[in-house]
Amino acid sequence: MENNFIKGMILGTLLGDGAFHSLKKKNKGIFIGHSEKQLDYLQYKVNLINNYLSANTAVHKYEFKSGFGYQTRLPFYKFYSKTHHKITHFYNLLCDKDGTKHITKNALEKHFNDVSLAFLFMDDGCKEVCWNRKRTEKKIKSFKISLGGFSLEEVELLNNFIFEKFDLVGKVYLEHNKYPMIRYSTQESRDKLLCIISPYILPSMQYKIVL
């Protein structure tokens with residue numbers, strides 16, 4: 001696949017569920033974790049990253065305790081990529097001297113594209129549903145992308161960049177007066193978002209965009 005696709009996917013993932021590992025080493029790697037429901041999606045990203053890094057790193061299964069008294073054991077899948085200068089490139093674009101990740105203008109201008117938006121949505125996006133007036137059927141009232149790991153100013157930077165690049169109008173809100181998110185509420189913005197990201201949404205992730 002073309003480098004623009006891979007780089008766009010990696011940036012979208014790092015703005016979403018992805019993180020860096022091996023921060024004290026010269027070169028960094030990517031860590032990604034997903035539940036069993038999203039295992040196909042995780043494996044798809046892993047295959048892309050492995051191909052990009054000429055690696056063959058495997059996904060590992062773990063269990064975490066959940067529920068009342070932590071009696072339920074749920075499977076969780078983790079991937080730690082090999083460390084590589086290609087990942088260090090993204091680290092240098094996104095992280096400060098302390099290793100804290102930020103949304104930066106430089107990273108967006110270099111690599112954020114329609115693929116990035118799609119993978120960011122598959123990671124941290126969802127639909128918001130409501131009933132019609134007669135309460136006979138549900139409908140999608142908005143899509144949102146949760147970005148609680150970043151500052152309000154950084155999320156506004158991303159929202160403005162998306163508007164300038166795609167002419168896609170979103171609004172930044174604070175969930176619970178604390179966690180930034182971007183919401184697409186109008187019919188026009190919902191349709192345009194779907195037009196941009198639908199070609200890249202995996203079958204296993206369609207539940208995020210349809211009823």
Side-chain angles (χ1 to χ4, degrees), residues 1-2 4-19 30-49 77 79 90 94 101-104 107-130 138-152 154-175 179-211:
M1 291 190 177
E2 294 182 0
N4 284 344
F5 183 99
I6 302 296
K7 291 177 180 178
M9 181 276 292
I10 290 175
L11 180 56
T13 297
L14 288 169
L15 296 181
D17 290 334
I30 291 180
F31 161 74
I32 311 170
H34 284 287
S35 66
E36 191 164 45
K37 181 179 181 181
Q38 297 180 340
L39 180 56
D40 287 346
Y41 174 49
L42 172 61
Q43 192 60 63
Y44 179 70
K45 290 192 285 188
V46 167
N47 292 341
L48 291 172
I49 293 170
Y77 297 85
F79 167 72
F90 287 93
L94 292 169
K101 190 170 59 174
H102 301 277
I103 300 173
T104 68
L108 296 177
E109 290 178 343
K110 283 184 178 294
H111 300 305
F112 195 91
N113 54 25
D114 50 351
V115 179
S116 309
L117 184 57
F119 278 85
L120 175 57
F121 186 86
M122 285 190 283
D123 272 17
D124 287 335
C126 69
K127 62 181 181 286
E128 295 182 302
V129 177
C130 66
K138 292 182 178 181
K139 64 178 182 178
I140 296 175
K141 67 174 183 177
S142 62
F143 294 108
K144 70 174 182 180
I145 302 174
S146 298
L147 294 152
F150 299 105
S151 70
L152 178 62
E154 289 169 3
V155 175
E156 288 174 338
L157 170 67
L158 174 60
N159 186 49
N160 290 336
F161 182 87
I162 290 172
F163 170 71
E164 292 172 2
K165 188 172 182 67
F166 302 111
D167 193 29
L168 174 59
V169 178
K171 290 189 177 181
V172 177
Y173 294 88
L174 287 177
E175 283 189 292
Y179 304 108
M181 68 170 181
I182 302 174
R183 176 178 280 137
Y184 302 96
S185 299
T186 67
Q187 186 68 55
E188 181 180 0
S189 66
R190 296 198 304 270
D191 290 345
K192 182 165 286 190
L193 175 66
L194 290 179
C195 183
I196 295 168
I197 68 174
S198 290
Y200 309 106
I201 303 296
L202 272 63
S204 62
M205 303 300 286
Q206 289 288 322
Y207 72 91
K208 290 202 168 195
I209 61 173
V210 299
L211 287 174

### Message
Under a 3.5 Å distance rule, please check whether K165 uses its side chain to pair with a backbone N or O of N113 as donor and acceptor.
### Response
no
### Task
For Y41, enumerate each residue passing the ring-ring contact (aromatic ring centres under 6.0 Å, His included) test, keeping only those at least two apart in sequence or located in another chain.
H34
### Summary
To the nearest 0.5 Å, atom OG of S204 lies from atom CD of Q38 at 8.0 Å
### Message
If we ignore hydrogens and angles and just use 3.5 Å, is the side chain of K208 paired with the main-chain N or O of M122 as donor and acceptor?
### Response
yes
### Query
Atom CG in L168, atom OH in Y184: separation rounded to 0.5 Å?
4.5 Å
### Message
Rounded at 0.5 Å granularity, tell me how far CG in L194 sits from CD1 in I140.
### Response
7.0 Å
### Query
Counting only heavy atoms not in F163, do more than 12 sit closer than 6.0 Å to its CZ atom?
no
### Query
Would you call L48 and Y44 a side-chain contact if the rule is heavy atoms closer than 4.5 Å?
yes
### Qualifying residue, where the test is side-chain contact (heavy atoms from CB on, under 4.5 Å) with L120 and the options are I197, T13, L11, L147
L147
### Message
Would you compute the distance between atom CG of L202 and atom CZ of F119 and round it to the nearest 0.5 angstrom?
### Response
6.5 Å
### Task
Could you tell me whether the side chain of C130 reaches within less than 4.5 Å of the side chain of K139, counting heavy atoms only?
yes
### Message
Taking the side chain as everything from C-beta on, heavy atoms only, tell me whether F112 gets closer than 4.5 Å to I162.
### Response
yes
### Nearest heavy atoms of V169 and S189, plus distance in Å
O-CB, 3.3 Å
#### Entry: Shortest non-hydrogen separation from V155 to P180 and the atoms involved
CG2-CB, 3.5 Å
### Task
Might you confirm whether atom CZ of F31 has over 12 heavy atoms from other residues, nucleotides or ligands at distances under 6.0 Å?
yes
### Task
Name all residues meeting the ring-ring contact (aromatic ring centres under 6.0 Å, His included) criterion together with F90; count only those two or more places apart in sequence or in a different chain, and write none if there are none.
H111
### Task
State, to 0.1 Å, how close F161 and L108 come at their nearest heavy-atom pair, and which atoms those are.
CZ-O, 3.2 Å
#### Entry: side chain to side chain donor-acceptor pair (under 3.5 Å) partners of residues 166-175, not counting sequence neighbours, each pair once
K144-E175, S146-E175, D167-K192
### Task
Could you tell me which non-hydrogen atom of I49 sits nearest to which non-hydrogen atom of M9, and how far apart they are?
CG1-CE, 3.7 Å
### Query
Can you name the salt bridge (Lys or Arg N to Asp or Glu O under 4.0 Å) partners of R190, sequence neighbours left out?
none
### Query
Would a 4.5 Å heavy-atom cut-off, applied to side chains only, mark L158 and I145 as touching?
no
### Message
Donor-acceptor check, side chain of K127 to backbone of L211, threshold 3.5 angstrom: yes or no?
### Response
no
### Message
Any non-hydrogen side-chain atom of L15 less than 4.5 Å from a side-chain atom of F150?
### Response
yes
### Task
Classify the side-chain pair Q43/N47 by whether it contains a donor and acceptor separated by less than 3.5 Å.
yes
### Query
Say you draw a straight line from CD1 of I196 to CD1 of I201; how long is it, rounded to the nearest 0.5 Å?
11.5 Å
### Query
Does K45 come within less than 4.0 Å of D123, counting only side-chain N to carboxylate O?
yes
### Message
Could you check whether any side-chain heavy atom of I30 comes within less than 4.5 Å of a side-chain heavy atom of I10, counting everything from C-beta outward?
### Response
yes
### Query
F121: what forms a ring-ring contact (aromatic ring centres under 6.0 Å, His included) with it, not counting sequence neighbours?
F143
### Query
Short question: side chain of S198, backbone of C195 - any donor-acceptor pair under 3.5 Å?
no
## Note on the structure
So CG of D17 and CG of D124: to nearest 0.5 Å the spacing works out to 4.5 Å
### Query
So which pairs with a foot in residues 31-44 pass salt bridge (Lys or Arg N to Asp or Glu O under 4.0 Å), sequence neighbours left out?
none
### Message
Are there over 12 heavy-atom neighbours, none belonging to Q206, within less than 6.0 Å of that residue's CD?
### Response
yes
